[in-house]
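Okay, so here's the structure we're looking at.
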Amino acid sequence: MSLERAQAPAAVSFPHALGVLRAAAEETRLRILALLAEGELSVSDLTDILGQSQPRISRHLKLLVEAGLVERHREGAWAFFRLCETRAGLVDPLIAGLERAGPPLSEDRARLDGVRAQRADAAQTFFARLAPKWDELRSLHVPEATVEAAVLDALGQRPIRNLIDLGTGTGRMLGLLAPRAERATGLDSSHAMLSVARANLERAGLARVDLRQGDIHAPPFARASFDLVVVHQVLHYLDDPARALREAARLVAPGGRLLVVDFAPHDLEFLRESQAHRRLGFAADQVSGWLSEAGLGGIATRDLAPAEQGQLTVTLWLAQDDARSPLETTPALARAVA
């Protein structure tokens, strides 16, 4: 999650290197690169931080995008920018070597902190309206800390290269797993929820997580892009959960894994009205069947039963690409736990 690369950067042709250095060798553009090294920002964010007009900032960003240093993605009516994953490696030492203690970078960082504080306040206001409903749901199943411990237990110590959390919501799974990943991405259809996730992750020091707006039924990523795909407490909101799992499985890299967390079947009908649940839980063999039909194998399940009768059981399903034996990496879920 830093500027350092896991592997030595590929050699850069002389013309490309010259274009990259020309793009970076301008005061505002170099300041933008230093800011984006801290995490993704919108044009509005950069306008506030750098004190320049939106058209001017947009022109600088356009040049950086054309040079392959910065990438742009849409989030509803908004556009966010981040350092390009495939940027020429020769710019990383330049950015990392910049002196941050003095102006203008020290002043930019102070204004960045202010922008993030405003973002966190807005997210907190939005989340406060949802909190009573979420508190009601949390009270109906085992504590989230228990679920998160089971997730970590299931995944074991195997390294995570590329992680995606589909339907990331407030970013809770990213907060749990992104520190273990080389690269982490969250997808959600709601701009408001992504704002909450962005604020939560920045507060946790995980500002470089890539957050994207998109449909879980048609995630905008290439096939086999991630070695860990997470679908946490999402399926019960969907009209077509089987399709969502097929799309999730499409993203799993050879030897990669797909983790699903959701509720076992229950009869709490009021959740349809109060929490917008479309499905009242899933049988273990139902989800396992969908995962198998999607081409995954080594499927194992674990149930986390509540302490009180009439509450919700949380189920974990862990499946993986058949290129790797299930028992090689998933001893914690090689058994079903009632």
Side-chain angles (χ1 to χ4, degrees), residues 1-5 9-10 12-120 122 183-186 191 194-195 197-199 201-202 205-214 220:
M1 305 300 293
S2 69
L3 287 173
E4 298 179 0
R5 301 295 181 92
V12 181
S13 69
F14 187 85
H16 187 197
L18 195 57
V20 165
L21 293 174
R22 282 174 174 164
E26 193 279 335
E27 179 182 347
T28 297
R29 291 198 288 276
L30 191 56
R31 290 166 70 186
I32 289 173
L33 290 173
L35 285 165
L36 294 182
E38 302 288 338
E40 64 181 15
L41 295 166
S42 67
V43 175
S44 177
D45 293 335
L46 290 167
T47 297
D48 291 342
I49 293 168
L50 297 173
Q52 299 182 22
S53 68
Q54 182 169 328
R56 185 175 181 185
I57 293 296
S58 295
R59 284 196 298 271
H60 285 304
L61 287 167
K62 183 174 183 291
L63 289 170
L64 291 171
V65 169
E66 290 173 347
L69 296 179
V70 169
E71 59 186 5
R72 173 182 183 270
H73 68 85
R74 299 290 304 180
E75 190 172 298
W78 292 63
F80 283 86
F81 296 82
R82 61 183 292 113
L83 293 182
C84 185
E85 290 290 333
T86 57
R87 64 189 179 273
L90 69 142
V91 302
D92 290 351
L94 173 64
I95 299 172
L98 291 171
E99 172 58 54
R100 308 299 177 102
L105 298 188
S106 60
E107 297 166 347
D108 291 348
R109 181 54 192 264
R111 287 190 287 268
L112 172 62
D113 290 342
V115 165
R116 286 178 170 171
Q118 292 175 358
R119 184 187 290 170
R183 179 171 176 262
T185 302
H191 170 68
L194 287 172
S195 297
R198 189 169 286 113
L201 294 168
E202 287 175 350
L206 298 170
R208 295 191 188 95
V209 172
D210 184 12
L211 295 175
R212 301 290 186 92
Q213 186 174 31

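Quick note: residue numbers are just sequence positions, from 1.
When all heavy atoms of Leu36 and Phe81 are compared, the closest pair comes out as CD2-O, 3.4 Å. For the pair Ala67 and Ala23, the tightest heavy-atom approach, listed with the atom from each and the gap, is CB-CB, 3.5 Å. The shortest heavy-atom contact between Leu211 and His73 is O-CE1, 2.9 Å. Nearest heavy-atom pair, Glu38 versus Arg116, reported as atom, atom and distance to 0.1 Å: O-NH2, 2.7 Å. Taking each heavy atom of Ala34 and Leu98 in turn, the nearest pair found is CB-CD1, 4.1 Å. Nearest heavy atoms, Asp48 versus Arg111: O-CD, 4.1 Å.
Distance CZ/Arg109 to CZ/Arg31: 15.0 Å, rounded to 0.5 Å. A distance of 11.0 Å separates CD1 of Ile32 from CD of Glu27, quoted to the nearest 0.5 Å. Distance check: Ser44 OG to Ile49 CD1 gives 9.5 Å after rounding to the nearest 0.5 Å. The OG1 atom of Thr28 sits 11.0 Å away from atom CG of Leu33, with the distance rounded to the nearest 0.5 Å. For the atom pair Thr47 OG1 and Leu41 CG, the distance stands at 10.5 Å (nearest 0.5 Å). Here Arg100 contributes atom CZ and Ile95 contributes atom CD1; the two are 8.0 Å apart, rounded to the nearest 0.5 Å.
Using a cutoff of 4.0 Å between basic side-chain nitrogens and carboxylate oxygens, Lys62 and Glu66 are scored as salt-bridged.
Taking the six-membered ring for Trp and thresholds of 30 and 60 degrees, His191 and Phe80 have ring planes inclined between 30 and 60 degrees apart.
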Working note: Leu63 + Arg29, criterion side-chain contact (heavy atoms from CB on, under 4.5 Å); need CA distance, chi angles, decisive distance, verdict. CA-CA 9 Å; Leu63 289 170; Arg29 291 198 288 276; 3.3 Å; yes
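Between the side chain of Arg82 and the main chain of Glu40, no donor-acceptor pair closer than 3.5 Å is present.
Among the candidates Asp108, Leu83, Asp45, the single residue satisfying the side chain to side chain contact (heavy atoms under 4.5 Å, CB included) test with Leu35 is Asp108.
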